[in-house]
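Nothing here was measured: the structure is a model prediction, and the numbers come from that model. We name chains A, B, ... by the order of the sequence lines, and we start the count at 1 in each one. Both backbone and side-chain heavy atoms feed into the values below; hydrogens, waters and symmetry mates do not.
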There are 2 protein chains.
Amino acid sequence: MARQRSTAPGGSGHREQRRATVVDVAKHAGVSTATVSRVMNRNYPVAAATRERVEAAARELGYVANAHARALAGSSGRTVGIIVSELIDPFYAYIARGVEREATAGDRLCLVCCTQGDPQRELAFIELMHERRADAVVLVGGSVDDPDYRAELSRRAHELAADGAKLVLCGRPSLGAGVPTVDVEYDNEGGAFAITDHLITRGHRRILYLGGPPALSTARDRLAGHRRALELRGIERVPELEQPGAFGRSFGYRRMRELLRDGPEFTAVFAANDIVAAGAAQALEEAGLRVPQDVSLVGYDDIPVAQELRPRLTTVRIPLEEMGRQAVRVALNGGDEDDWRAPTTGALRLGTHIVVRDSVGPPAAAPHGRGSSRQV
Amino acid sequence: MARQRSTAPGGSGHREQRRATVVDVAKHAGVSTATVSRVMNRNYPVAAATRERVEAAARELGYVANAHARALAGSSGRTVGIIVSELIDPFYAYIARGVEREATAGDRLCLVCCTQGDPQRELAFIELMHERRADAVVLVGGSVDDPDYRAELSRRAHELAADGAKLVLCGRPSLGAGVPTVDVEYDNEGGAFAITDHLITRGHRRILYLGGPPALSTARDRLAGHRRALELRGIERVPELEQPGAFGRSFGYRRMRELLRDGPEFTAVFAANDIVAAGAAQALEEAGLRVPQDVSLVGYDDIPVAQELRPRLTTVRIPLEEMGRQAVRVALNGGDEDDWRAPTTGALRLGTHIVVRDSVGPPAAAPHGRGSSRQV
DNA sequence: GTGAAAGCGCTAACAT
DNA sequence: ATGTTAGCGCTTTCAC
């Protein structure tokens, strides 16, 4: 569908309202298009009087620059793309906020896409953003570990790089040394280690690890940190105490409920993220179990719901918004068309730390689980 | 700054990698650019064999279409813009989700901007999106009622319309009959009326209305609904029971705390939204007041936190995501360059309904407030 | 300080 | 079914 091209001159003296262009403005102001351009971009010496006239003409004609023509003619697309799996998930929303703010700060607009967890869609969106000549495409959150997928992603990264744009991996593992990406990560494994250790320090030995798709890098790293902490303290790993699954609230609720019925004994649960923790908390509540008296509970991410739960959730804080900011910051400044090493590759790893609130206590005298006495 | 024209990655014998264009692909495939275009857009008869060759050439050259050139040459920008005040606020996030999904469904990409509540920024973003030739610009959430601002907004609406694009007002009052906008609203006033009536029906007479910037249309409408319910039931309006303010959690918390210390008596609280309710809930909790035994509490929006609070919050549900969807749906289909009445103006009003959960009970024997006995 | 003109990469008539 | 050829609206040397 084309912009209205407006037919005909009509009989009346009205000129058809075709959108005004530089040419119109130039004519109207009695200058050349070059001058109009210079005025609009205010980046070139132009006589005050001339500028005044041009601006007046533009205003009068309701001139609105065409960003496409502008982008085509040379300068960058002034765009940053961000791809998340779900906008309403606070984890992604906070990162998106960081990206949006930094993009705006860098005088760019932000293209946003939601994959709903579909890697195929992710790839397609990268392509679309590349077509829009985005200066950077930020890929947020854990990724699956399919070789074909990684290969495709790498290919896209190269294509983008060939075009002077950057693919930013935010909170997911690097694609390897040869692939021109910018990596902005956080210490997933470390955070999980720290909070598990926190639990152990409080005396817990039987800790239930709950949630997180085993296929997602994020979830895998958290589980790895958890295991390392156990190992370091010489605590035997009990397979039934590892219950990965999904990252949603309903998973936390349902699985916890099942486990409460016929799962192993445990005195604490480490939910793979705060959302899962919220679900688990509900199951615990409905089972008449108190947190932290009967069972301790911790999460990961420190999104707002962590403070809304009762008791308030002890969890791992990630500098979400900061990650988003850094992602675009290094992508935009890290390779300013300077001829550094060919594809500018950056890496950044932000720290995490645990936030202690009220959901952890010493282990209950009678640990919870199959065959234990249940209070109801 | 131009696309990097530079050296190819690796030291091997690569030739200078300028981004491939239709011309390159055409040459490489031994066809004309027109054919390449037809293949890429798969919307025109092309011999299978030819198509095959072209596709191969494109793949081989790593051809990525230039969306700007494409947009310039005729077709639309394939873009929908959305402007919200804050992405991490679930109210906006859900609407944004609807917009994004519908945009994607309509084969468009989504430009997102956050104003952080600044009307000036809002205007600026509209302009930017117009420059990008967005097919629709969705403005989400309440607005201030400044005449100059409305005038500016109207001007932008006209400019957009002149360009075949639509300004969509989502959850905010129309700009008037003369202005070419698409309006997608929900029944703010009605929801407030309903939930206040719910409280009254349970026996409450002294209801505290808490939060919401008086300058925002959203907040004003909610307060209006509240007042109408009171009036209809013949309940006298007590000025001190109306405590507008902000839409944030901290406002709810602080003001509630102050009010608990030296405010008027009340048996129920109607928070202007769920976030404010969450803050109020905390203040209540800290004061040793139980909900709903000592005081009832309701909110507005029905965002996820409403289910996370204990007791679960009774509130007003708004079809947030649906609004977002409709916003782009009517904007995109409502005026398909057909020559209907000049500027296609649409309007849509979605319903709200209250969701009863556990935060409302009958009034406490001893109403809460200044001079009342407080349990601690 | 300002103008003229050559593209940027693509699509869409219009030919063939 | 495929090729030719104008532009789309803007920026940007290069002259003046």
Check: Between B:T21 and C:dC8, is there a side-chain N or O to OP1/OP2 distance below 4.0 Å?
Finding: no
Look at the side chain of [X] and decide which nucleotide, out of [options], has an atom nearest to it.
| X | options | value |
| --- | --- | --- |
| A:T33 | C:dT2, D:dG9, C:dA5 | C:dA5 |
| A:A73 | C:dC8, C:dG3, C:dT11 | C:dC8 |
| A:S37 | C:dT2, D:dT11, D:dG9 | D:dT11 |

Notebook entry, point to check: Nearest nucleotide by nearest heavy atom, which residue falls closer to the 5' end of DNA chain C, B:A20 or A:S32?
Noted result: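 First, find each residue's nearest nucleotide; the 5'-ward one identifies A:S32.
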Checklist line | Pairs flagged by side chain to side chain donor-acceptor pair (under 3.5 Å) wherever residues 117-128 of chain A is involved - sequence neighbours left out | finding: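 Only A:E122-A:Y149, A:E122-A:R172, A:E127-A:R156 qualify under side chain to side chain donor-acceptor pair (under 3.5 Å).
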Margin query: Once side chain to side chain donor-acceptor pair (under 3.5 Å) is applied, what residue pairs with a partner in residues 49-67 of chain A remain, sequence neighbours excluded?
Written below: A:H28-A:E60
Atom pair distance, as rounded to whole Å: [atom1] in [X] and [atom2] in [N]:
| X | N | atom1 | atom2 | result |
| --- | --- | --- | --- | --- |
| A:L72 | D:dT12 | CG | P | 12 Å |
| A:N43 | D:dC10 | CG | C1' | 13 Å |
| B:M40 | C:dT11 | CE | P | 8 Å |
| A:E131 | C:dT11 | CD | C1' | 14 Å |

Atom pairs under 3.5 Å, N or O on each side, protein against nucleotides 14-16 of chain D: can you list them with distances?
none

Next item on the list: Apply the test side chain to side chain contact (heavy atoms under 4.5 Å, CB included) to residues A:V137 and A:I83: give CA-CA distance (whole Å), side-chain angles for both, the deciding distance (0.1 Å), then the verdict.
Entry: CA-CA 7 Å; A:V137 177; A:I83 301 179; 4.0 Å; yes
Notebook entry, point to check: Base, sugar-phosphate alone, or nothing: which one does B:V31 contact when heavy atoms must sit under 4.0 Å apart?
Noted result: sugar-phosphate
Next item on the list: Scan B:A34 against the nucleic acid and name what it touches under 4.0 Å (heavy atoms): base, sugar-phosphate only, or nothing.
Entry: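 Here B:A34 touches the bases of the nucleic acid.
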Check: Contacts to DNA chain D from residues 62-71 of chain A, heavy-atom cutoff under 4.0 Å, which residues?
Finding: A:Y63, A:A65, A:N66, A:A69, A:R70
Only distances under 3.5 Å count here; give the side-chain donor-acceptor pairs of residues 38-49 of chain A to other protein atoms, sequence neighbours excluded, each with its distance to 0.1 Å.
from, atom 1, to, atom 2, distance (Å)
A:N41, ND2, A:S37, O, 2.9
A:N41, ND2, A:S37, OG, 3.4

Note to self: My understanding is that only one of A:R329, A:R97, A:R108 makes a salt bridge (charged side-chain N to carboxylate O under 4.0 Å, His left out) with A:E102; could you say which?
What the structure shows: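 Answer after filtering A:R329, A:R97, A:R108: A:R329.
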Check: For the helix from C:dG1-D:dC16 to C:dT16-D:dA1, what angle lies between the axis at the first five pairs and the axis at the last five pairs, to 10 degrees?
Finding: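 The helix from C:dG1-D:dC16 to C:dT16-D:dA1 shows an end-to-end axis angle of 30°.
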